[in-house]
Q: 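Quick one: this structure, given as structure tokens, is what I'll be asking you about.
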Protein chains: 2
Amino acid sequence: MGAASLIERNDYAFGQLNDIVGFHIRLAHGAVYRHFTETFADLDLTQKQVSVLWLVDDQPGVSQIELGQRLRMDRATTMTIVNRLQNRDLLRRERSETDGRKQALYLTDQGSEALVGAKHAIGEHESWLKSRFTSEEIDKLVEMLARIHD
Amino acid sequence: MGAASLIERNDYAFGQLNDIVGFHIRLAHGAVYRHFTETFADLDLTQKQVSVLWLVDDQPGVSQIELGQRLRMDRATTMTIVNRLQNRDLLRRERSETDGRKQALYLTDQGSEALVGAKHAIGEHESWLKSRFTSEEIDKLVEMLARIHD
DNA sequence: CGCAATTGTTAGTGGAGCATACAATTGCGC
DNA sequence: GCGCAATTGTATGCTCCACTAACAATTGCG
């Protein structure tokens, strides 16, 4: 056991796995997911649900398919999430007047209320996440992540 | 070019959501997950499964609890993943000689073979991911992601 | 009109995460 | 050595998310 002992560095815990970028994205996502879930335990909302409420609030009357595309979900996944939110009276569907195939999505009053609470919780969650970085680093991080998902 | 052109282009799709770091991490993770799944369709292995095989190969005889801690999974989740791999004869459990409570995990020959194939596929997957960045950016990205999950 | 594309819906599969309860083993205080 | 607490594994059940496949309704176009 010389001074070069690998154990002194955290990296040893993962061995070669440490060099895999995708691995770190997954771990980071997991950490964010867990903290999000804790922060939102009272509100009983998931990341996806908040994203949906947020987007529908931003663009009232959006169709399900467009919502799904923006959040990178397929139609079936979008359905189940919208169903859940509709069953909880946070969201309502309306037949689009211009295109009978489409469902126009709107927040209910209750949904708007929930979103207000959610945005507050998001603030705490983001503070927890951003506390690790300078604002320059945050810009760089977001820009790099966008390069991956765009 | 600059911030203004970004806002004209894609950003509107997400509205305010665009400023949420956690949102971008989730989208990036989803994109990586999807590409990983496509790359590994033939091998029929998930990200988690590959991580487990990789770590067990790196540290033969590791206990389930330690494996779970390193990959940030609880005991129950670790169980189900190890069960799946054991049922496919990629992994085997052995009672630890030093501690009767522990299960020592080892790859089977078949598991080692599968891992070889997986590492090759990981190479392709990582190339796809890294093609967006310079090597300096990759170092910075990994370092920032590690700050989140450590 | 008739056909293809789009959108929505339904049902089923599987991975992953978590909570809870219980069993086996170990280690420690006494 | 005995008894209890801690550790580890196991079993069960729940939720969420993503995907596929099949089918229906509507729209748009040749």
Side-chain angles (χ1 to χ4, degrees), chain A residues 26-27 29-38 40-41 43-52 61-88 91-105 149, chain B residues 25-27 29-41 43-53 61-88 90-105 149:
Chain A
R26 199 153 55 68
L27 285 186
H29 171 259
V32 170
Y33 175 79
R34 277 186 290 275
H35 184 268
F36 187 102
T37 303
E38 290 169 21
F40 279 74
L43 291 170
D44 197 27
L45 289 170
T46 67
Q47 290 181 325
K48 279 283 179 213
Q49 289 170 351
V50 172
S51 297
V52 168
V62 67
S63 69
Q64 276 188 193
I65 206 79
E66 193 176 355
L67 178 68
Q69 284 168 353
R70 294 201 171 157
L71 299 180
R72 269 70 170 176
M73 303 183 296
D74 67 6
R75 287 178 299 158
T77 303
T78 305
M79 270 291 301
T80 66
I81 292 173
V82 170
N83 280 345
R84 257 196 292 272
L85 292 174
Q86 191 183 31
N87 289 338
R88 289 171 60 183
L91 207 69
R92 61 188 161 82
R93 287 175 161 104
E94 273 183 25
R95 204 96 222 166
S96 167
E97 296 176 359
T98 59
D99 187 336
R101 295 168 301 182
K102 293 187 181 179
Q103 297 275 27
L105 301 177
H149 72 246
Chain B
I25 291 179
R26 198 153 56 68
L27 284 186
H29 172 259
V32 170
Y33 175 80
R34 276 186 291 276
H35 185 268
F36 187 102
T37 302
E38 290 170 21
T39 307
F40 278 74
L43 291 170
D44 197 28
L45 288 170
T46 67
Q47 290 181 326
K48 278 284 180 213
Q49 289 170 351
V50 171
S51 297
V52 168
L53 292 179
V62 68
S63 69
Q64 277 188 195
I65 207 79
E66 194 177 355
L67 179 68
Q69 285 169 352
R70 294 202 171 155
L71 298 180
R72 268 73 169 178
M73 306 182 293
D74 68 6
R75 288 180 301 155
T77 303
T78 306
M79 267 290 298
T80 65
I81 293 174
V82 170
N83 279 345
R84 257 196 292 271
L85 292 173
Q86 191 183 30
N87 289 338
R88 289 171 60 182
L90 301 179
L91 208 68
R92 61 188 161 82
R93 289 173 159 104
E94 273 183 26
R95 205 94 221 166
S96 167
E97 295 176 0
T98 60
D99 187 336
R101 295 168 301 182
K102 293 187 180 179
Q103 297 274 29
L105 302 176
H149 72 245

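Every value quoted in this text rests on a predicted model; they were computed, and no experiment measured them. Residue numbers start from 1 in every chain, and the chains themselves are labelled A, B, ... in the order their sequence lines are given, proteins ahead of strands.
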Q: Rounded to the nearest angstrom, tell me the gap between atom CZ in R93(A) and atom C1' in dT10(C).
A: 12 Å

Q: Say you draw a straight line from NE2 of H29(A) to CD1 of I25(B); how long is it, rounded to the nearest 0.5 Å?
A: 8.5 Å

Q: Using atom CE of M73(B) as one end and atom P of dG17(C) as the other, report the distance to the nearest whole Å.
A: 7 Å

Q: Phosphate oxygens OP1/OP2 of dG15(C): is one of them under 4.0 Å from a side-chain N or O of R84(B)?
A: yes

Q: If you look at every strand shown and take non-hydrogen atoms under 4.0 Å, does T78(B) touch a base, only sugar-phosphate, or nothing?
A: nothing

Q: Do the side chains of Q103(A) and E94(A) get nearer than 4.5 Å, heavy atoms only?
A: no

Q: Taking the side chain of K48(B) as heavy atoms from C-beta outward, which of dG9(D), dG8(C), dG17(C) is closest to it?
A: dG17(C)

Q: I need the CZ-C1' distance between R26(A) and dG15(C), as an integer number of Å.
A: 12 Å

Q: Can you tell me if T80(B) touches the phosphate of dA16(C), counting only side-chain N or O atoms and a distance under 4.0 Å to OP1 or OP2?
A: no

Q: Separation of D44(A) atom CG from dC16(D) atom C1', in whole Å?
A: 12 Å

Q: Identify the heavy atoms of H149(B) and R72(B) that sit nearest to each other, and give their distance.
A: O-NH2, 3.1 Å

Q: Tell me whether the side-chain N/O atoms of R72(A) come closer than 4.0 Å to OP1 or OP2 in dA18(D).
A: no

Q: So which one's nearest nucleotide on DNA chain C is more toward 5', Y33(B) or R34(A)?
A: Y33(B)

Q: Do Q86(A) and L105(A) have side-chain heavy atoms sitting under 4.5 Å apart?
A: no

Q: Side chain to side chain donor-acceptor pair (under 3.5 Å) with E66(A): which residues, sequence neighbours excluded?
A: R70(A)

Q: If you only use heavy atoms from C-beta on, which nucleotide in dC18(C), dT7(C), dA18(D) is closest to the side chain of D74(B)?
A: dC18(C)

Q: Expressed as a whole number of angstroms, how long is the span from H29(A):NE2 to dA18(D):C1'?
A: 12 Å

Q: Quick check for you: to the nearest 0.5 Å, what is the distance between L71(A) atom CG and Q69(A) atom CD?
A: 10.5 Å

Q: Can you pull out how bent the helix from dC1(C)-dG30(D) to dC30(C)-dG1(D) is, comparing the axes over its first five and last five pairs, to 10°?
A: 20°

Q: Could you check if a side-chain atom of T77(A) sits within less than 4.5 angstrom of a side-chain atom of K48(A), using non-hydrogen atoms only?
A: no

Q: When every nucleotide of nucleotides 21-30 of chain D is labelled 5' to 3' by its protein contacts under 4.0 Å (heavy atoms), B for base, S for sugar-phosphate only, - for none, what sequence of letters results?
A: -----BS---

Q: Just verifying a value: how many Å separate M73(A) CE and M79(A) CE, rounded to the nearest 0.5 Å?
A: 12.0 Å

Q: Can you tell me how far C1' of dA5(C) sits from NZ of K102(A), to the nearest Å?
A: 13 Å

Q: Can you measure M79(A) atom CE to dT20(D) atom C1' for me and round it to whole angstrom units?
A: 15 Å

Q: State whether Q64(B) places a side-chain N or O below 4.0 Å from either non-bridging phosphate oxygen (OP1 or OP2) of dT7(D).
A: no

Q: Has T46(A) got a side-chain N or O lying under 4.0 Å from the OP1 or OP2 atom of dC17(D)?
A: yes

Q: Under the 3.5 angstrom rule, does the side chain of R84(A) hit a backbone N or O of Q49(A) as a donor-acceptor pair?
A: no

Q: Between L90(B) and L45(B), is the side chain to side chain contact (heavy atoms under 4.5 Å, CB included) condition met? List the steps.
A: CA-CA 11 Å; L90(B) 301 179; L45(B) 288 170; 4.2 Å; yes

Q: Does Q47(A) place a side-chain N or O at less than 4.0 Å from the phosphate oxygens OP1/OP2 of dC17(D)?
A: no

Q: Could you check how far CG of L71(A) sits from C1' of dC17(D), rounded to whole Å?
A: 13 Å

